[in-house]
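Right, one structure below, let's go through it.
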Amino acid sequence: MNTIKKTVITRFAPSPTGNLHIGGARTALFNWLFAKNKGGKFLLRIEDTDTLRSKKEYYDQIINTLKWLEIEWNDQPYIQSKNIESHINIINKLLENNHAYKCYCTEEELDKEKKEYLIKKIPYSYSKKCRNLKEVNLQKPFVVRFKSKEKGTTILKDLVQGDIEIKNNTIEDFVILRNDKKPTYNLSAAVDDYEMKISHVIRGDDHKINAFKQIQIFEAMNWVIPLYAHIPLIHSKDGKKLSKRDDVSTVEDYKKIGILPEALRNYLLRLGWSHENKEIFTLEESIKLFNIENIGKSPSKLDFERIKSLNETYLKSLDEKKLTEDLINYANNYKTEIKDKYIETIYKNLPFLKNKAKTLEDIYNNSIYIFSYNLENKEINKINANQIENIKIIFKKCSDNRDFDYLFLKNILDEIINNKKINFKDIGQPLRIVLTGSQFGPGIYDIFKSLGNTESLKRIEKFLDKIDRNVKN
RNA sequence: GGUCCCUUCGUCUAUCGGUUAGGACACGUGGUUUUCAUCCAUGAAAGAGGGGUUCGAUUCCCCUAGGGACCGCCA
């Protein structure tokens, strides 16, 4: 028995044709966690051989998003297009070994074939017309097709799905070199996986059929076949395939509403994988506990509430210095920049600013009155004459004692509430509008404290001035 | 249509033949709180259907139904 342990090498192989997908992020996470767990390597390969759709901006986006998620790969990213020479080389070998052949069929001929099959109601696969051509060096454009097995069955020992058996004749003679002399995905992926010494291919369920094609290439070249684990796809809330229109399909969609990377990672980890009753995993625990055996077999739906709830948990447990940094970065990226002079105030008041928040966006909105105060008439109009009178009383008393504290303020409010037989709400609500520009937000005392006496009084004074002017007009 | 895969509370999931089928999110109720939120307590909520195998099936097998993926000279 061979007891030499093979080094685990996994890879994440996105194509730069769009922003990093939430499913892709999970695939990357699983590959990374598995490699870490086994003390192996995790590689990043950019599959950019579709020159029409691949874009540099997407490449950057994917790289940056993985970094944001703190998923780190070993070595430099492998750029698939840089390895084309090697792919062609293998195609030539396959041709020499009689495992592949040139196919001179034109698109028109193929279309005709397809139509004929359609009329006869037979499922279409290439007719293999060129498989046994006598002359193989015609001066005509050609593609290279792999000679798929025609008899027998193949069993894929999938690490997640178990044994999957298919008849070999259901795999057609697939193209491995296009007529523009560029290798196709299945060929490139197989060659790269071999050259990168990938031990475990962990990827989405949608690649399952490709495994059968890639395995045949491995066999034809007499290479050691990697282990495969095909993880079920992530579905949208209504059970359909996630589409770009769902606006929860890319990592960016979560980032821009202020989901923390830790929370998204935790969510993704638990989506399709579990460890007993555990819900919250630190990074160390994720690495220590992750395994392929506990990956579920069925597809899972996204639950936005769960992500937000998880985010809330992280928001509240995160070190507040770090949280403040995250908030500043978030605001700079997606909202208006928060000036340095407000950062200290926000940091100090984080305990209540983050209280009702589930996302960074919530914290941002809660603290907006600190760095971006604006009192609109529409809000002012919500305040009635009696309430204005009360605010005047408060203003007067506080102005006479500019060093007022919580107790002093509370006594004033209590007194008014008692005297006028009103509810706290009747005074709290309008006061909040005056101080923050919105009827929603933190508690009144918290607002006073966070703004400081001077700023609070200044805002009230400005309001009263405005009211006076409005009355005069 | 062909090939393949999947099926436990609304959602994510636990259960490796014997459980009052457990947890989490969301939801309901109660308490704490000036409000909201937090927090605590508590409640409702599931084995798709039908056949087998077995002393016993959510668990193993088959069928049906439902859902999904793939079926490109895209990756």
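Model, not experiment: these values are computed from the prediction. Every chain is numbered from 1 and lettered A, B, ... according to where its sequence line falls, protein lines coming before strand lines.
Here Ser188(A) lies out of heavy-atom contact (under 4.0 Å) with every strand. Across all strands, Val175(A) comes closer than 4.0 Å only to sugar-phosphate atoms, never to a base (heavy-atom distances). The residue Asn210(A) sits close to a base: some heavy atom pair falls under 4.0 Å. At a threshold of 4.0 angstrom between heavy atoms, the contacts of Glu165(A) are confined to the sugar-phosphate backbone, with no base atom among them.
Looking at Ser54(A), its side chain never comes within 3.5 Å of a backbone N or O of Thr51(A) through a donor-acceptor pair. Glu109(A) places a side-chain N or O within donor-acceptor distance of the main-chain N or O of Thr106(A), the cut-off being under 3.5 Å. The main-chain N or O of Leu353(A) is found under 3.5 Å from a side-chain atom of Asn366(A) such that the two form a donor-acceptor pair. No side-chain donor-acceptor contact under 3.5 Å links Asp158(A) to the backbone of Asp163(A).
Between the CD atom of Glu172(A) and the C1' atom of C70(B) there is a distance of 12 Å, rounded to whole Å. Spacing between atom CZ of Arg53(A) and atom P of C73(B) amounts to 14 Å, rounded to whole angstrom units. Distance Lys182(A) NZ to A75(B) P: 10 Å, rounded to the nearest Å. Atom NE2 in His230(A) sits about 13 Å away from atom P in C5(B), given to the nearest Å. Across the protein-nucleic acid pair, Ile209(A) atom CD1 and C4(B) atom P stand 9 Å apart, rounded to whole Å. When the P atom of C71(B) is taken as reference, atom OH of Tyr185(A) falls 11 Å away, rounded to whole Å. Remark: P of G68(B) and NZ of Lys208(A) are 15 Å apart, rounded to the nearest angstrom. Spacing between atom CD1 of Ile176(A) and atom P of A75(B) amounts to 13 Å, rounded to whole angstrom units.
Listed by first then second residue, pairs satisfying side-chain hydrogen bond (donor to acceptor under 3.5 Å, both in side chains) with a partner in residues 114-126 of chain A read Glu113(A)-Tyr124(A), not counting sequence neighbours. For residues 179-194 of chain A, the set of pairs meeting the salt bridge (Lys or Arg N to Asp or Glu O under 4.0 Å) definition, not counting sequence neighbours, comprises Arg11(A)-Asp193(A), Arg45(A)-Asp192(A), Arg45(A)-Asp193(A), Arg178(A)-Asp180(A). Counting only residues at least two apart or on different chains, the side-chain hydrogen bond (donor to acceptor under 3.5 Å, both in side chains) pairs with a member in residues 285-295 of chain A are Trp273(A)-Asn291(A), Lys278(A)-Glu285(A), Thr282(A)-Glu285(A).
Figure legend: Lys213(A) and Phe146(A) shown without cation-pi pairing, the cationic atom not lying both under 6.0 angstrom from the six-membered ring centre and within 45 degrees of its axis.
Among residues two or more places apart in sequence or in another chain, the side chain to side chain donor-acceptor pair (under 3.5 Å) test is passed with Lys147(A) by Asn98(A). Taking Asp60(A) as the reference, Lys56(A) meet the side chain to side chain donor-acceptor pair (under 3.5 Å) condition, with sequence neighbours excluded. In terms of the side chain to side chain donor-acceptor pair (under 3.5 Å) criterion, residue partners of Ser188(A) (sequence neighbours excluded) are, by chain and number, His87(A).
For Lys382(A), the NZ atom sits in a packed shell: over 12 heavy atoms of surrounding residues, nucleotides or ligands are nearer than 6.0 Å.
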Would you check, one step at a time, whether the test side-chain contact (heavy atoms from CB on, under 4.5 Å) holds for Lys420(A) with Asn390(A)?
CA-CA 10 Å; Lys420(A) 305 206 170 174; Asn390(A) 295 336; 2.7 Å; yes
For Lys358(A) and Asn311(A), run side-chain contact (heavy atoms from CB on, under 4.5 Å): C-alpha distance rounded to whole Å, both residues' side-chain angles, the deciding distance at 0.1 Å, then the answer.
CA-CA 6 Å; Lys358(A) 284 181 188 270; Asn311(A) 200 56; 5.7 Å; no
CA sep, side-chain torsions, deciding dist, call: Leu227(A), Val201(A), side-chain contact (heavy atoms from CB on, under 4.5 Å):
CA-CA 6 Å; Leu227(A) 266 17; Val201(A) 175; over 6 Å; no
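G47(B) sits 33 Å from A37(B) when the P atoms are compared, rounded to a whole Å. Taking atom P on both nucleotides, C9(B) is separated from G49(B) by 10 Å, rounded to a whole Å. For C61(B) and C6(B), the P atoms lie 10 Å apart once the distance is rounded to whole Å. Atom P of U7(B) sits at a distance of 23 Å from the matching atom of G23(B), rounded to the whole Å. Rounded to whole Å, the separation between the P atoms of U34(B) and C16(B) comes to 48 Å. Using P as the reference atom, C12(B) and U32(B) are 36 Å apart when rounded to the nearest Å. Between U58(B) and G68(B), the distance separating the two C1' atoms is 22 Å to the nearest Å. Of the P atoms belonging to C4(B) and A45(B), the separation is 40 Å, rounded to the nearest Å.
Here the nucleotide nearest the side chain of Asn179(A), chosen from C73(B), A75(B), A69(B), is C73(B). For Thr170(A), the listed nucleotide lying nearest its side chain is U3(B); candidates were C73(B), A75(B), U3(B). Distance from the side chain of His235(A) is smallest to G68(B) among G68(B), C73(B), C5(B). Side-chain proximity of Gln161(A) to the nucleotides C73(B), A75(B), C6(B) is greatest for C6(B). Checked against C25(B), A69(B), A75(B), the side chain of Ser309(A) finds its nearest nucleotide in C25(B).
Base pairing of C27(B) is made with G43(B), judged by Watson-Crick or G-U wobble geometry with both donor-acceptor distances under 3.5 Å. The nucleotide C60(B) finds its pairing partner in G52(B), both defining distances of the Watson-Crick or G-U wobble pair being shorter than 3.5 Å. Base pairing of G1(B) is made with C71(B), judged by Watson-Crick or G-U wobble geometry with both donor-acceptor distances under 3.5 Å. Nucleotide U38(B) has no partner under the Watson-Crick or G-U criteria, as no pair reaches both atom distances under 3.5 Å.
Non-hydrogen atoms lying under 4.0 Å from RNA chain B are contributed by nothing in residues 405-422 of chain A. For RNA chain B, none of the residues of residues 211-220 of chain A falls under the heavy-atom distance limit of 4.0 Å.
Heavy-atom minimum distance, Ser438(A) versus Glu379(A): CA-OE1, 4.2 Å.
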What one-letter contact string describes nucleotides 10-16 of chain B from 5' to 3', where B marks a base within less than 4.0 Å of any protein heavy atom, S marks contact via sugar-phosphate atoms alone, and - marks no contact?
-BBSS--
Classify every nucleotide of nucleotides 30-39 of chain B by which part a protein heavy atom approaches to under 4.0 Å, writing B for the base, S for the sugar-phosphate alone and - for neither, in 5'-to-3' order.
----B-BBS-
Donor-acceptor contacts, no H, no angles, side chain residues 298-308 of chain A, under 3.5 Å, sequence neighbours left out:
unit_1	atom_1	unit_2	atom_2	d
Asp303(A)	OD1	Glu305(A)	N	3.2
Arg306(A)	NH2	Glu279(A)	OE1	2.7

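Using cut-offs of 30° and 60° for the angle between ring planes, the Tyr445(A) and Tyr406(A) rings count as perpendicular.
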What nitrogen or oxygen pairs link the protein and nucleotides 43-49 of chain B at under 3.5 Å?
none

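A donor-acceptor contact under 3.5 angstrom links the side chains of Ser86(A) and Glu195(A), judged on distance only.
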